[in-house]
Asks: 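Structure incoming, see below.
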Number of protein chains: 2
Amino acid sequence: MAPREHAHPALCDVELVTVLSALAEPTRLRIVRMLAAMEGERAWKDIDLPIAQSTLSHHLKILRNAGLVHNRSEGTRCFISLRDDELESRFPGLLESVLSCGDGLAPEGTRDA
Amino acid sequence: MAPREHAHPALCDVELVTVLSALAEPTRLRIVRMLAAMEGERAWKDIDLPIAQSTLSHHLKILRNAGLVHNRSEGTRCFISLRDDELESRFPGLLESVLSCGDGLAPEGTRDA
DNA sequence: GTCGTAGTTCGACGTTCGTCGATCATCGAA
DNA sequence: TTCGATGATCGACGAACGTCGAACTACGAC
């Protein structure tokens with residue numbers, strides 16, 4: 001289906017294990033880093049990773065259900081953004097510590113190269 | 001085998017995804033909370049959870065390989081401790097943010113009840 | 001030496017996960 | 001209305017995971 005107002009969980013309903021599971025996967029962590037590297041939102045199509053489209057949709061769904069990202073629909077296309085402020089309220093310091101650690105998993109898509 | 005000086009990875013060789021994967025499981029998170037709730041180490045046998053012994057051993061191995069815990073052998077029994085200081089150096093703020101969030105997953109084994 | 005204890009490893013089982021191609025639903029444009 | 005594009009959903013596949021009981025191994029005690 002084309003994106004039409006997705007369900008986003010309230011952060012207070014999200015458990016820590018759910019968030020950690022969502023982040024504990026290389027591709028999803030890359031996506032989160034990618035989103036964190038830019039203020040605001042990012043177009044779906046601009047998230048280019050070496051995976052199939054359905055796989056990306058699947059990962060975004062998991063991130064969405066974990067309360068990590070927000071989907072906004074605009075016509076046929078949609079835009080993804082990090083729910084960083086809400087995340088900070090629910091899990092203080094978690095996102096920052098995950099993002100600030102250099103582990104060789106670069107955003108890779110925010111810089112020109 | 002009886003515990004005889006296990007292999008512990010250097011924290012600098014541990015990747016973030018490995019740590020997150022290790023923490024993204026209810027039982028293991030419980031163990032980590034349990035260890036964090038007390039200064040120092042905890043005897044293997046005192047970790048009583050509703051799981052088989054082999055399963056506990058398996059989880060401890062994963063936590064060990066993720067650099068989260070340390071095993072010390074003393075005769076036939078062994079003692080587990082959190083590598084919190086080293087963890088803090090490698091992933092600043094991560095462990096603290098994970099531990100400080102109330103998510104209904106209590107240590108349950110450090111209090112009397 | 002033999003025996004009992006403590007924890008690890010092995011092999012198996014069912015479940016979940018990441019991945020894909022194909023199909024479907026919704027929107028804008030012609 | 002018809003068409004093309006954008007994502008979501010479906011069904012299938014192999015791999016990885018959590019779980020267990022059983023066998024194994026190293027140690028202390030006798």
Side-chain angles (χ1 to χ4, degrees), chain A residues 1-9 15 17-32 34-35 41-66 68-81 105 109, chain B residues 1-9 15 17-32 34-35 41-66 68-81 105 109:
Chain A
M1 304 163 190
R4 184 80 285 192
E5 297 312 319
H6 268 291
H8 292 85
E15 293 186 19
V17 175
T18 306
V19 177
L20 292 175
S21 299
L23 292 172
E25 206 278 333
T27 302
R28 289 196 291 265
L29 190 52
R30 277 258 283 277
I31 295 174
V32 169
M34 197 181 284
L35 293 170
E41 46 189 22
R42 189 182 184 92
W44 208 100
K45 271 293 184 180
D46 290 353
I47 305 178
D48 58 322
L49 293 167
I51 55 175
Q53 190 225 12
S54 52
T55 305
L56 177 54
S57 186
H58 168 69
H59 282 313
L60 286 175
K61 182 179 184 179
I62 290 180
L63 290 172
R64 196 167 54 234
N65 290 142
L68 281 164
V69 305
H70 178 84
N71 283 36
R72 184 178 66 83
S73 300
E74 194 178 300
T76 23
R77 41 185 109 70
C78 71
F79 299 84
I80 321 291
S81 58
L105 229 48
Chain B
M1 304 160 190
R4 184 81 284 192
E5 297 311 320
H6 268 293
H8 293 83
E15 292 186 19
V17 176
T18 306
V19 177
L20 292 175
S21 299
L23 292 172
E25 207 277 333
T27 302
R28 289 196 291 264
L29 190 51
R30 276 259 282 279
I31 296 174
V32 169
M34 198 181 284
L35 292 171
E41 47 189 20
R42 188 181 185 94
W44 209 99
K45 272 291 183 181
D46 290 351
I47 304 177
D48 57 325
L49 293 167
I51 55 176
Q53 210 188 29
S54 52
T55 305
L56 176 55
S57 186
H58 168 68
H59 282 312
L60 287 175
K61 182 179 183 179
I62 290 180
L63 290 173
R64 197 167 53 233
N65 290 141
L68 281 163
V69 306
H70 178 84
N71 282 35
R72 184 178 66 84
S73 300
E74 194 177 301
T76 18
R77 37 185 113 70
C78 71
F79 298 85
I80 320 292
S81 57
L105 228 50

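Predicted model, so just to flag it, every value in this text is computed and none were measured. Note: hydrogens, waters and symmetry copies are ignored here, and every other heavy atom, side chains too, is used.
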Asks: Does N71(A) have a side-chain nitrogen or oxygen under 4.0 Å from the phosphate oxygens OP1 or OP2 of dA8(D)?
Replies: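 Affirmative; the distance criterion is met.
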Asks: What pair of heavy atoms forms the shortest contact from I47(B) to L56(B), and how long is it?
Replies: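 In this case the closest contact between I47(B) and L56(B) is O-CD2, 3.7 Å.
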Asks: Among the candidates dA6(C), dG21(C), dA8(D), find the nucleotide nearest to the side-chain atoms of Q53(A).
Replies: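 The answer is dA8(D).
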Asks: W44(A) has an atom CH2; how far is it from atom P of dC27(C), in whole Å?
Replies: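 Rounded to the whole Å, the gap is 17 Å.
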Asks: Assign L56(A) to base, sugar-phosphate, or nothing according to its heavy-atom contacts below 4.0 angstrom with the strands shown.
Replies: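 Counting heavy atoms under 4.0 Å across all strands, no contact is made by L56(A).
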Asks: Checking contacts here: which listed nucleotide (dT19(D), dT8(C), dA8(D)) is nearest the side-chain heavy atoms of C78(A)?
Replies: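 Shortest atom-to-atom distance from the side chain points to dA8(D).
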Asks: Please state how far atom CG in L23(A) lies from atom P in dC17(C), giving the value in whole angstrom units.
Replies: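 In whole Å, dC17(C) P lies 15 Å from L23(A) CG.
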Asks: Return the value, rounded to whole Å, for the distance between atom CG of D46(B) and atom P of dG7(C).
Replies: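 Whole-Å distance recorded here is 9 Å.
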Asks: Are side-chain heavy atoms of E25(A) and I62(A) found at a separation under 4.5 Å?
Replies: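 E25(A) does not reach I62(A) side chain to side chain.
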Asks: Taking side chain as C-beta onward, heavy atoms only, is R77(B) less than 4.5 Å from K45(B)?
Replies: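 Counting from C-beta outward, R77(B) and K45(B) never come under 4.5 Å.
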Asks: What distance separates T18(A) OG1 from L23(A) CG, expressed to the nearest 0.5 Å?
Replies: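 Atom-to-atom, T18(A):OG1 and L23(A):CG are 11.0 Å apart.
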Asks: If we ignore hydrogens and angles and just use 3.5 Å, is the side chain of S21(A) paired with the main-chain N or O of V17(A) as donor and acceptor?
Replies: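 Looks like yes, one N/O pair under 3.5 Å.
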Asks: Among the candidates dG7(D), dT19(D), dA6(C), find the nucleotide nearest to the side-chain atoms of E25(B).
Replies: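 When the side chain of E25(B) is considered, dT19(D) is the closest of dG7(D), dT19(D), dA6(C).
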Asks: Output the rounded distance in Å from NZ (K61(B)) to P (dT19(D)).
Replies: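 Distance, rounded to whole Å: 16 Å.
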Asks: With distance as the sole criterion, do the side chain of S54(B) and the base of dG21(D) form a donor-acceptor contact below 3.5 Å?
Replies: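 Under the 3.5 Å cut-off, the side chain and the base do form a donor-acceptor pair.
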Asks: Taking atom P of dG21(D) as reference, at what distance in whole Å does atom CD1 of I51(B) sit?
Replies: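 My rounded result for the distance is 12 Å.
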Asks: Flag the pair K61(A) / R64(A) as yes when at least one side-chain heavy-atom distance between them is below 4.5 Å, and no otherwise.
Replies: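 Yes - at least one pair of side-chain heavy atoms lies under 4.5 Å apart.
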Asks: Nearest-Å distance, CD1 (I80(B)) to C1' (dA6(C))?
Replies: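 Going from I80(B) (CD1) to dA6(C) (C1'), I get 12 Å.
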Asks: dG18(D) phosphate, OP1 or OP2: any side-chain N/O from R28(B) under 4.0 angstrom?
Replies: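 Yes, R28(B) has a side-chain N/O under 4.0 Å of OP1/OP2 on dG18(D).
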Asks: So what does I62(A) hit on the nucleic acid, given a heavy-atom distance under 4.0 Å: a base, only sugar-phosphate, or nothing?
Replies: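 Sugar-phosphate, backbone atoms only, no base.
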Asks: State whether R64(B) places a side-chain N or O below 4.0 Å from either non-bridging phosphate oxygen (OP1 or OP2) of dT8(C).
Replies: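 The answer is yes; a side-chain N or O of R64(B) sits under 4.0 Å from OP1 or OP2.
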Asks: Remember a base hit wins even if backbone is also touched, and classify L60(A) as base, sugar-phosphate or nothing at under 4.0 Å, heavy atoms.
Replies: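 Since no nucleic acid heavy atom lies under 4.0 Å of L60(A), the category is nothing.
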Asks: So, does T76(B) get its side chain near the phosphate of dC27(D), meaning an N or O under 4.0 Å from OP1 or OP2?
Replies: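 T76(B) to dC27(D) OP1/OP2: no side-chain N or O under 4.0 Å.
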Asks: Using a heavy-atom cut-off of 4.0 Å across all strands, would you classify H58(B) as base, sugar-phosphate, or nothing?
Replies: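 The answer is base, as H58(B) lies within the cut-off (heavy atoms under 4.0 Å) of a base atom.
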Asks: Just how far, in rounded Å, is P of dT19(C) from CZ of R30(A)?
Replies: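 Between P of dT19(C) and CZ of R30(A): 11 Å.
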Asks: Counting only side-chain nitrogens and oxygens, does H59(B) get under 4.0 Å of the OP1 or OP2 atom of dG18(D)?
Replies: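 Checking H59(B) against dG18(D): no side-chain N or O falls below 4.0 Å of OP1 or OP2.
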Asks: How many whole angstroms separate atom CG of L63(B) from atom P of dC17(D)?
Replies: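 The answer, rounded to whole Å, is 14 Å.
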Asks: Counting only side-chain N and O atoms of T55(A), is one of them less than 4.0 Å from OP1 or OP2 of dT19(C)?
Replies: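 Checking dT19(C) against T55(A), no side-chain N or O comes under 4.0 Å of OP1 or OP2.
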